[in-house]
2 protein chains.
Amino acid sequence: MSDSPSKSNYHHGDLRQKLLEAATETIKSQGIEALSLRKLATEVGVSRMAPYHHFKDKNELLCAIAEQGFQQRKNTVVDQSQITNEEDNQLLSYMLNYVRFAQKNPEIYELMFGRTIWKNQIDNDSLKNAAYPTFQYQLDLTKQWQANGLLDANANSLRLSQVIWGTMHGIAKLLIDGIYTDTSQIEAICMCAAEQFAIKLEQ
Amino acid sequence: MSDSPSKSNYHHGDLRQKLLEAATETIKSQGIEALSLRKLATEVGVSRMAPYHHFKDKNELLCAIAEQGFQQRKNTVVDQSQITNEEDNQLLSYMLNYVRFAQKNPEIYELMFGRTIWKNQIDNDSLKNAAYPTFQYQLDLTKQWQANGLLDANANSLRLSQVIWGTMHGIAKLLIDGIYTDTSQIEAICMCAAEQFAIKLEQ
DNA sequence: CTCTCTAAGTTGACACTGTCAAGATTGATC
DNA sequence: GATCAATCTTGACAGTGTCAACTTAGAGAG
């Protein structure tokens, strides 16, 4: 009551947001496994159980962070799509952008597309609402590229979208999980991938 | 000393193997997260710290289980390659086989190709020796298929191998991590993937 | 202005976890 | 038969997530 004049320890108002920020920071720098609710609480200057008034679970906190990730990713993707010139290899750009996002934010990516969140998460509508537009966007792009003649127009759009996503996700995972250790190959790998999917006009 | 006549509790000889088997069983049925060394020990009928004389770490135990997985997988793959007829769509068969292995053994797959093992595992040579043949085998197959005209002969073999693996791994992960929930689509997705990589002779 | 109600923050307690250290038991070897 | 190293044991510690039961304070009704 003496060291914080305007706000007493009770009801300091933006605890939920503070927790999200601090947790995101910890995860980015030390990894998901290093996140402890107790440490987090003391770090924010609050007692052990305080976070439980804002998140039912540790898992719900993680879901909320993933949700933020989806929001952030959505904006990035939209920005990127407006910059890209028509003459560029759009598919390659898209893939590179995807994999690099994963590479730059490995722990957040892990959270967004990893088992921790998605196993047994039938209930969390908020997360799903944040995530589904991302999936939908990929499908729309695929359709667009099929129409443009960049991708195989004969393929079922949903399937093709799933396969391309699978490819990007797989490459990203192999990289950030430490199986592909040479990150300098990212460009070469993505180029090879893009070439496989691209329809060659002259051949 | 009374209830086990032939073997006293000390030196019961095959503890390492017993631990591996019990741990594998638990992981398969309850998931990696559910594996506790203490529970495992009591389950096998031994005290808390006994496992530490056979595995330095919990992590080393997990590595050993993954290693077994690689051994087992190697045999399966070889069997499969001998059965496959020449006229079949070999690429599709291979992809389906891969993804279905992951689907049938999700937790073991998670271990074999997941971050738990591969992060900070520069030291574990035994694991690497078991895993690398799998990677090498994929590369060899890719080269073979390129020579056969099934895959793009112009592509760099290593890159192409990495991309195809990425695709399979990505699809597998999205399935077993609970993002692709409809497992009945596996065939359709793999077919679409195989078609993208395959060189079409008539077109 | 007071009374109440509730959202938010608190400490105590419990059942877990992995693992360090130090002691006990054993079968094999000189 | 004594020694030694491998193996198994219990004690202890520092963590973890979270249930229960409390305290506090701010907001709204009387």
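Proteins come first, then strands; the chains are lettered A, B, ... in the order of their sequence lines, and each starts at number 1.
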Between atom NE2 in A/His53 and atom C1' in D/dA25, what is the gap in whole Å? 14 Å
Within the 4.0 Å heavy-atom criterion, would you say A/Lys56 contacts the bases, only the backbone, or no part of the nucleic acid? nothing
Gap between atoms NE2 and C1', on A/His54 and C/dA8 respectively (whole Å): 6 Å
Atom CZ of B/Arg38 and atom P of D/dG15: how far apart are they, to the nearest Å? 16 Å
For a quick check, tell me whether the side chain of B/Arg48 and the base of C/dT17 share a donor-acceptor pair closer than 3.5 Å. no
Spell out, as yes or no, whether a donor-acceptor pair under 3.5 Å connects the side chain of A/Asn105 to the backbone of A/Ile108. no
Closest listed nucleotide, where the reference is the side chain of A/Met49 and the choices are D/dC8, D/dT18, C/dT19: D/dT18
Output the rounded distance in Å from CG (A/Asp57) to C1' (D/dT16). 14 Å
Rounded distance (Å) that lies between atom P of D/dT18 and atom CD of A/Glu60: 11 Å
Take the protein atom CG of A/Leu35 and the nucleotide atom P of D/dT18, then report the distance between them rounded to whole Å. 11 Å
Closest non-hydrogen contact found for A/Thr167 with A/Ala193 is CG2-CB, 4.2 Å
Residue B/Leu37, side-chain atoms from C-beta onward, closest of C/dT19, D/dG17, D/dT9: C/dT19
Give, for atom CH2 of B/Trp145 and atom CZ of B/Phe197, the distance between the pair rounded to the nearest 0.5 Å. 11.5 Å
What's the CG-P distance between B/Asp14 and D/dT7, to the nearest Å? 12 Å
Take the protein atom NZ of A/Lys58 and the nucleotide atom C1' of C/dT17, then report the distance between them rounded to whole Å. 12 Å
Considering only heavy side-chain atoms of B/Ser47, the closest of C/dT17, D/dT18, D/dT10 is D/dT10
Looking only at side-chain N and O atoms, does B/Ser36 come under 4.0 Å of OP1 or OP2 in C/dC16? no
Looking only at atom types and distance, does a side-chain atom of B/Gln146 sit under 3.5 Å from a main-chain N or O of B/Ala155, one as donor and one as acceptor? yes
SB check B/Arg115 A/Glu107 (cutoff 4.0 Å): yes
